Amino acid sequence: MKKKSVFAVLRLTVLAVLAVLFVIPVISTALKSFSFEGKIGLVQYWELFVTNFTYLDFFWNSVFYAAVITAVSIAVSLPLGFLFAKVNFKGRDALFFVFILVMLLPFQATLLPNYIQLRDFNMLNTPLALTVPMMFSPFAVFLLRQFMKTVPNDLIDYTLLETSSVIRTFRCAILTQIKPAVVSLAILIFCESWNMIDQALIFSMENTGIYPLSVVLGDIPENVRYAGGTVYMFPIIMLFVMFRETLEESMEAYKL
Amino acid sequence: MKKAVTAASVIFCAIIIFFTFFGEKLYYSTKPTVELDRPLRIDDMILLPESAIFSEPDGDYIFTVESEEGFSAEILTVTKVRLTRCEPDESGYFGDGYVTVEAEGYSSAPTVVHTSAPLKDGQKVTEE
């Protein structure tokens, strides 16, 4: 009993130390954003939004990319996940194996084929170059397949008998069941797109105006860097806090 | 907690949208607008229009401008330069309204010849 409580205290201490380590940079960035040349106030934000007014153009670039990638990725992955989870056809497992294989490949491995394809389609240096390659996420398909596998087949059959429509069955029997999973996945994809750097630097070398905020964050003047960092972090923290319960719910439900 | 975050999010979005539309306008409207010119040189004489000379009880001075490439726009900063000599130009090359000036280290830096508001040393300005 005593050994168990000692272990619990030790575990709590380690977790607390790790939590503090993760939180310190965020808190210190936010706190330092309220000081400018030794004075406390909102001057750094004023300087960021007024003197460096194009900062917000890059912010909106990021919002656009992250929103489009998330929406399209979910829209594409839902039917694909359903296909791999519930539809029986020849070669399904082999095809799914290819999906897993693609998912395991690092970004750098698919960089050159992606670049060549984008060049051939005349998409380089356009917003499409920064969104299209990320819209088709094998990870999202894999995750949704895993979620959809937990939906009982009987429920799908019953709904199909009731509605006689595949789309309505999908909406009523599948979507309602995996709603927390879709929200969680949307947050994960949004965060990944929000933080993209490599794609932007490589696929848009000649058009720096379409860069997302994550790329130009290092170029903003030093005296407004903390305010810039805080504004950059805020949407992600906001999303996490607002959907924390859904995120935890889905992680618990699907043993992630 | 959730309500506080929702309120913070709404404020955040409002601020972002406001500055997206008005940030650039505020940048140009909150700074004095100046007209710049380089001084004219004849032999050893440096000539400036009279409007470039600002007077104080302890003497005359001019404002030179240093420019640096900013993140969004060219940032112009004025520097107050005390004149050691300031006399009306009698050479007649450029007519009336010119003065010959001398100041330590001043030779050809862009100089403020007109300003929309009183200037201070180190102030940021925008060019007309």
Side-chain angles (χ1 to χ4, degrees), chain A residues 30 33-34 36-37 42-64 66-67 187 190 208-209 211 213 215-225 227-249, chain B residues 1-36 63-80 110 112 115-128:
Chain A
S33 72
F34 294 106
F36 186 77
E37 290 169 359
L42 295 169
V43 186
Q44 203 176 136
Y45 287 96
W46 176 267
E47 286 290 317
L48 179 72
F49 294 141
V50 177
T51 306
N52 304 287
F53 51 85
T54 50
Y55 174 88
L56 287 176
D57 296 345
F58 296 108
F59 177 87
W60 288 114
N61 284 350
S62 277
V63 171
F64 173 74
I187 293 172
F190 190 92
T208 54
Y211 275 172
L213 193 53
V215 175
V216 296
L217 206 57
D219 297 332
I220 61 172
E222 214 164 304
N223 58 357
V224 294
R225 209 159 269 177
T230 308
V231 171
Y232 176 73
M233 287 188 301
F234 193 84
I236 298 296
I237 295 172
M238 184 179 81
L239 271 181
F240 176 75
V241 177
M242 286 179 98
F243 295 102
R244 188 174 60 100
E245 282 161 20
T246 319
L247 204 64
E248 284 174 358
E249 199 181 299
Chain B
M1 178 70 173
K2 216 171 176 179
K3 273 184 183 172
V5 173
T6 310
S9 308
V10 171
I11 294 168
F12 176 82
C13 292
I15 291 169
I16 295 291
I17 290 168
F18 175 81
F19 282 106
T20 301
F21 287 109
F22 298 108
E24 190 175 355
K25 279 179 193 160
L26 283 170
Y27 176 72
Y28 288 107
S29 63
T30 54
K31 290 174 176 57
T33 311
V34 297
E35 194 186 323
L36 300 177
F63 284 105
T64 58
V65 174
E66 278 174 41
S67 72
E68 65 175 306
E69 201 52 54
F71 181 74
S72 302
E74 194 179 27
I75 295 172
L76 303 174
T77 313
V78 293
T79 309
K80 195 173 178 179
V112 175
T115 174
S116 64
L119 299 175
K120 283 183 213 159
D121 190 28
Q123 194 170 8
K124 303 270 188 292
V125 293
T126 54
E127 195 176 354
E128 221 171 66

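Only a predicted model underlies this, so the values are computations on that prediction, with no experimental measurement involved. Chain identifiers are assigned alphabetically (A, B, ...) following the order of the sequence lines, protein sequences preceding nucleic acid strands; residue numbering begins at 1 within each chain.
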### Message
As an exercise: rank F59(A), Y55(A), Y45(A), W60(A) by heavy-atom pairs under 4.5 Å with chain B and give me the winner.
### Response
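Sorted descending by pairs with chain B, the first entry is W60(A).
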Using non-hydrogen atoms and a 4.5 Å limit, figure out which bit of [X] sits close to chain B: side chain, backbone, both or neither.
| X | value |
| --- | --- |
| V224(A) | neither |
| F49(A) | both |
| F58(A) | side chain |

### Query
Quick check: are there more than 12 heavy atoms from other residues, nucleotides or ligands sitting under 6.0 Å from CZ of F240(A)?
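At most 12 heavy atoms, drawn from other residues, nucleotides or ligands, come within 6.0 Å of this atom.
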### Task
Below 4.5 Å from any heavy atom of chain A, which atoms of K124(B) appear? Answer side chain, backbone, both or neither.
neither
### Task
Counting only heavy atoms closer than 4.5 Å, note whether F18(B) contacts chain A via side chain, backbone, both or neither.
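Neither part.
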Would you say the side chain of [Y] lies within less than 4.5 Å of the side chain of [X], judging by non-hydrogen atoms?
| X | Y | value |
| --- | --- | --- |
| F53(A) | L26(B) | no |
| F71(B) | T51(A) | no |
| F234(A) | I16(B) | no |

### Task
Return the minimal non-hydrogen interatomic distance between F19(B) and V50(A), and the atom names on each side.
CE2-CG2, 3.7 Å
### Summary
Of all heavy-atom pairs linking M242(A) and T6(B), the shortest is CE-OG1, 3.9 Å
#### Entry: Separation of E24(B) CD from L56(A) CG (nearest 0.5 Å)
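Going from CG on L56(A) over to CD on E24(B), the span is 11.5 Å.
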